[in-house]
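The structure presented is a predicted model; accordingly, all values stated were derived computationally and were not measured. Below, read A as the first sequence line, B as the second, and so on, with proteins coming before strands; counting in each chain starts at 1.
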Number of protein chains: 2
Amino acid sequence: MAERNLQTVRDLRRSNRSLLLRRLYFGGPLSRQDLIHTTSLSAASVSNVIADLIEDGLVVEAGALESEGGRPRILLRVNSSALHVVGVDVGETRVRVELFDLDLEQLAATDLPLDAGGFTAPEVAARIRTGLETVLADERPGGPALLGIGIGVPGVVQHSPDAVVHGQTNGWDAVPLERMLREFTDLPLFIDNGAVTMGQAEMWFGAGRGSRNTVVALIGSGVGASVVTAGSPYRGSTSSAGEWGHTTVQVGGRRCRCGSRGCLEAYIGAESVIARYLETVDDPAVRDAPDEESALAALLARADSPAARTVLDDTAVHIGAGVANLINLFNPERIVIGGWAGLLLGAGLLPRIRETAREYALHHPFSQTRITLGDLGPDAVTRGAATLPVDRFLAAGGSRPRVETAQPAPAAGR
Amino acid sequence: MAERNLQTVRDLRRSNRSLLLRRLYFGGPLSRQDLIHTTSLSAASVSNVIADLIEDGLVVEAGALESEGGRPRILLRVNSSALHVVGVDVGETRVRVELFDLDLEQLAATDLPLDAGGFTAPEVAARIRTGLETVLADERPGGPALLGIGIGVPGVVQHSPDAVVHGQTNGWDAVPLERMLREFTDLPLFIDNGAVTMGQAEMWFGAGRGSRNTVVALIGSGVGASVVTAGSPYRGSTSSAGEWGHTTVQVGGRRCRCGSRGCLEAYIGAESVIARYLETVDDPAVRDAPDEESALAALLARADSPAARTVLDDTAVHIGAGVANLINLFNPERIVIGGWAGLLLGAGLLPRIRETAREYALHHPFSQTRITLGDLGPDAVTRGAATLPVDRFLAAGGSRPRVETAQPAPAAGR
DNA sequence: TGGGTTGAATCACGCCTTGAAATAAGTCCG
DNA sequence: CGGACTTATTTCAAGGCGTGATTCAACCCA
């Protein structure tokens with residue numbers, strides 16, 4: 001079962017609606033002719049399906065192209081104000097809730113701080129509730145309907161079938177977040193790991209745009225990766241794929257906070273980089289920095305000192321080797337380095353990272369891969385979260401998801 | 001474009017034929033009722049489509065189930081003698097050609113040795129030609145048609161659109177193997193990497209059976225892996241994914257024959273294991289063994305000696321760490337360790353490998369993964385190669401592939 | 001032998017995509 | 001300014017498909 005999305009003649013229409021909707025969504029305004037030529041659908045069908053979509057208010061005309069001797073082509077685009085969607089980022093220090101239109105342009109936003117040092121699931125749920133009320137305050141009853149709520153959380157999310165969150169760092173153990181949120185909203189919920197949503201944001205709007213096999217490496221205090229294969233996030237059998245940070249790059253090496261040894265994170269995670277630096281020099285500017293972000297910035301400001309130089313070069317080498325592993329295993333078109341620390345470090349170290357990756361990767365796949373920094377910055381989690389309902393919307397050919405079936409993906413596995 | 005396999009109402013039928021055919025092929029004899037209940041197709045459609053398949057000679061009745069008070073269910077199965085298929089294994093020392101029926105039971109086989117030390121593409125092509133003539137000698141003109149030829153080769157295979165082979169070890173550089181074979185056969189050709197075909201054999205008939213996300217690790221003289229995601233082999237953007245052997249497990253570590261340092265292959269490949277042993281002890285039984293296989297066997301026979309024990313334990317640790325990396329990145333249901341050296345080493349080292357993998361992998365994904373040895377032995381490459389045409393056949397709902405479109409897979413990429 | 005039960009085939013219906021033909025909306029040129 | 005031409009879009013009839021309801025088939029049990 002599962003897998004199969006087409007059985008009746010009616011699914012055919014849904015599939016073709018989805019196809020055209022996707023083209024228009026990602027391909028900007030296009031004429032019917034463009035659609036005819038790039039989809040191998042017949043002109044009759046394109047015309048027919050588009051008429052449907054226009055009638056449903058999902059597609060609107062957007063001017064016309066200069067005539068080239070005949071009837072001019074009319075441009076079409078997705079009606080971005082037809083629907084709104086909510087994105088939520090559950091971070092370590094705050095919950096952020098944003099409202100978007102269908103194009104994922106921000107319409108409203110609010111930040112709700114969490115008490116420092118640990119937070120419980122009910123606290124998070126309460127913040128989400130408040131945030132929702134805030135951003136939805138201006139929504140008119142007759143206005144655009146809400147497509148759903150996408151939520152990026154730290155930790156592994158399992159859908160079985162309700163989303164349950166396992167967070168190693170925050171001590172969440174099988175938190176039934178979906179059920180908890182269900183108590184105050186009937187909107188479709190799409191809950192996924194924050195790294196995945198962040199990666200999806202880079203894929204849709206950032207450095208991964210236009211590629212289909214890409215790994216978004218996320219370097220923050222910890223290290224993760226979002227692997228996109230064949231255009232959609234790869235989750236593995238139980239949604240915990242992409243744990244790049246805990247792959248071993250040094251058998252028997254440095255102790256990692258996960259308990260293992262030689263993990264990549266123990267060399268390139270911001271926490272580790274700072275710790276390694278402070279092991280060699282006692283630099284007050286770094287040691288006494290108010291938070292990790294400023295500590296790393298302070299370290300980078302010292303980049304000319306021998307101690308900093310050594311640690312940073314070693315960091316670049318390890319990032320490069322880790323990237324090489326991704327290249328060898330996934331053979332992606334692009335590697336996007338993101339996360340706040342990744343962006344901070346990458347700014348100066350990218351050439352060295354590329355160089356090391358070239359040394360450690362096989363020649364052929366390396367030559368097929370572009371290594372770049374992320375475009376979006378770390379606040380893209382909310383936007384990425386909002387892509388989840390939109391993706392489902394596009395997959396369904398523009399029919400709104402029913403609450404009971406709302407899940408981020410056709411979860412792999414049997 | 002690409003991706004899309006359903007547009008017209010006719011593709012629907014093909015898709016449903018494919019669905020039922022697949023169930024019957026992998027699920028053994030099944031009744032129409034079984035199909036109705038497991039596919040969510042209507043009874044009418046199952047009946048109708050099956051009638052089609054029976055008329056085409058692809059499905060036959062296979063007895064009936066005991067009645068339970070009403071009309072008994074008739075069992076159906078794929079008619080394994082309806083079509084034949086050829087599998088070819090291009091190895092380092094010989095070309096093996098085998099003829100199979102649709103169930104991939106061997107009907108004929110032949111081995112054609114290659115001159116030791118390097119072989120050219122024309123030589124290989126000539127062997128394949130001879131082998132084909134041999135195994136097809138007994139085929140009657142009116143008998144089962146040939147579905148095609150599946151070929152497993154060493155090296156990276158690119159389809160662009162004709163299969164071109166890049167072999168790092170044998171010096172093949174962009175060899176247009178498909179075009180060369182096309183000169184003496186019109187049969188559909190399906191060329192892919194031998195590790196991939198081997199992995200597919202384990203997936204269809206061996207230790208990977210029934211799973212959808214599995215990594216088949218192949219340890220021979222060199223080291224590779226065949227990654228299966230969502231039920232089909234993952235190839236990456238240019239078909240060179242799964243280069244597990246050259247992932248770095250020791251930054252700045254042992255020199256590898258690929259030119260890099262600290263590659264997994266430099267620790268666990270048979271060649272490296274033997275070399276590392278001989279670096280510590282000069283053991284004539286190992287040093288003077290006629291080939292690598294007997295050398296490794298000789299080393300294993302010495303497993304009680306301190307020197308061998310040290311090397312073997314270190315090998316197990318590195319295999320375990322490598323496996324842990326696969327688990328962390330892919331979160332598979334199973335890891336299957338195969339390849340001749342993998343089977344040889346695994347026989348004794350599997351407990352230690354599992355133990356190390358547990359240490360190095362994250363707890364959650366590790367607990368979801370079963371680590372086993374391969375079931376099939378190293379000669380499964382031909383059978384795996386033969387799965388390629390069969391897979392295409394099943395995907396096409398039982399219509400024979402046309403020559404010009406014969407390619408192993410819906411190649412990833414845009 | 002005949003009622004009961006379950007499996008399989010048939011049929012009318014509604015929906016789908018398609019190629020061909022018709023229509024719409026421009027340009028070009030005299 | 002108007003007719004010929006060109007290109008885009010829509011309309012239409014035809015051919016297919018899966019489905020639910022109905023009918024037919026095959027077996028059990030008494």
Side-chain angles (χ1 to χ4, degrees), chain A residues 1 4-21 24 29-56 59-76 397-399, chain B residues 1 4-21 23-24 29-56 59-77 397-399:
Chain A
M1 196 131 33
R4 309 250 330 146
N5 41 357
L6 277 144
Q7 294 195 159
T8 92
V9 78
R10 217 151 177 169
D11 298 321
L12 212 52
R13 169 59 67 110
R14 186 154 43 82
S15 157
N16 284 336
R17 280 173 63 114
S18 173
L19 176 65
L20 295 184
L21 213 42
L24 290 174
L30 291 171
S31 69
R32 289 181 181 78
Q33 293 298 314
D34 295 331
L35 294 172
I36 291 166
H37 295 119
T38 62
T39 59
S40 76
L41 246 57
S42 73
S45 289
V46 169
S47 185
N48 191 343
V49 173
I50 291 292
D52 250 29
L53 291 170
I54 290 178
E55 191 178 322
D56 291 352
V59 167
V60 290
E61 302 195 341
L65 250 40
E66 200 71 358
S67 162
E68 294 180 23
R71 177 172 174 172
R73 304 178 173 189
I74 296 171
L75 290 174
L76 304 164
S399 73
Chain B
M1 194 131 36
R4 305 251 330 148
N5 39 359
L6 277 143
Q7 295 195 156
T8 92
V9 77
R10 218 149 178 167
D11 299 321
L12 208 53
R13 171 56 70 110
R14 187 153 43 80
S15 156
N16 283 336
R17 280 174 62 115
S18 173
L19 175 64
L20 295 183
L21 214 43
R23 298 274 163 160
L24 290 175
L30 291 172
S31 69
R32 288 180 181 80
Q33 293 298 316
D34 295 331
L35 294 171
I36 292 167
H37 295 119
T38 62
T39 59
S40 76
L41 246 57
S42 73
S45 290
V46 169
S47 185
N48 191 345
V49 172
I50 291 291
D52 250 30
L53 291 170
I54 289 178
E55 190 178 321
D56 291 352
V59 166
V60 290
E61 301 193 341
L65 248 42
E66 199 72 357
S67 162
E68 294 180 23
R71 179 173 174 170
R73 303 178 173 188
I74 297 171
L75 290 174
L76 303 164
R77 63 172 176 79
S399 72

Round to a whole Å and report the spacing from CG of B/Asp52 to P of D/dG18. 9 Å

Report the distance from atom CG of B/Leu12 to atom P of D/dG15, rounded to the nearest whole Å. 19 Å

Determine: side-chain N/O of A/Arg71 to OP1/OP2 of C/dA24, distance under 4.0 Å, yes or no. no

Taking only N and O in the side chain of A/Arg32, is any of them less than 4.0 Å away from OP1 or OP2 of D/dA8? no

Which whole-number value in Å describes the distance from A/Asp11 CG to C/dG14 P? 19 Å

Just call it for A/Ala43: base, sugar-phosphate, or nothing, with non-hydrogen atoms closer than 4.0 Å on any strand. base

With a 4.0 Å cut-off on N to O distance, would you call B/Asp34 and B/Arg23 a salt bridge? no

CG of A/Leu76 versus C1' of D/dA8: gap in Å, rounded? 12 Å

5′-ward residue of the pair A/Gly70/A/Val46 relative to DNA chain D: A/Gly70

Between A/Asp11 and B/Leu12, is there a side-chain heavy-atom distance shorter than 4.5 Å? no

To the side chain of B/Val9, which of C/dT10, D/dT9, D/dG15 is closest? D/dG15

B/Asn48 CG - D/dC24 P separation (whole Å): 19 Å

Measure CD/B/Glu55 against P/C/dA8 and give the value in whole Å, please. 19 Å

So, does B/Asn16 use its side chain to make a donor-acceptor pair with the main chain of B/Arg13 at under 3.5 Å? no

Which residue lies toward the 5' end of DNA chain C, B/Ser47 or B/Glu68, if each is placed at its nearest nucleotide? B/Glu68

In the structure I gave you, are the side-chain heavy atoms of A/Leu75 and A/Glu61 within less than 4.5 Å of one another anywhere? no

Any side-chain N or O of A/Arg13 under 4.0 Å from OP1/OP2 of C/dT17? yes

Does the side chain of A/Gln33 get closer than 4.0 angstrom to OP1 or OP2 of D/dT7 through an N or O atom? no

Would you say A/Thr8 reaches D/dT19's phosphate, i.e. side-chain N/O to OP1/OP2 under 4.0 Å? no

Answer with base, sugar-phosphate or nothing: what part of the nucleic acid does B/Ile50 contact at a heavy-atom distance below 4.0 Å? nothing

Whole-Å distance separating the CG atom of A/Leu19 from the P atom of C/dC16: 16 Å

Per nearest nucleotide of DNA chain C, the residue lying toward the 5' end, A/Arg10 or A/Gly69, is A/Arg10

Is a side-chain N or O of B/Thr39 found less than 3.5 angstrom from the main chain of B/Leu35, in a donor-acceptor match? yes

Tell me the closest heavy-atom pair linking B/Ser40 and A/Gln7, and the distance in Å. OG-NE2, 3.1 Å

Within the structure, does a side-chain N or O atom of B/Ser45 lie under 4.0 Å from either OP1 or OP2 of D/dT19? yes

Measure CZ/B/Arg73 against P/C/dA8 and give the value in whole Å, please. 7 Å

Respond yes when some side-chain nitrogen or oxygen of A/Asn16 is under 4.0 Å from OP1 or OP2 of C/dT17, and no when none is. yes

For B/Ser42 and D/dG18, is the shortest distance between a side-chain N/O and OP1 or OP2 below 4.0 Å? no

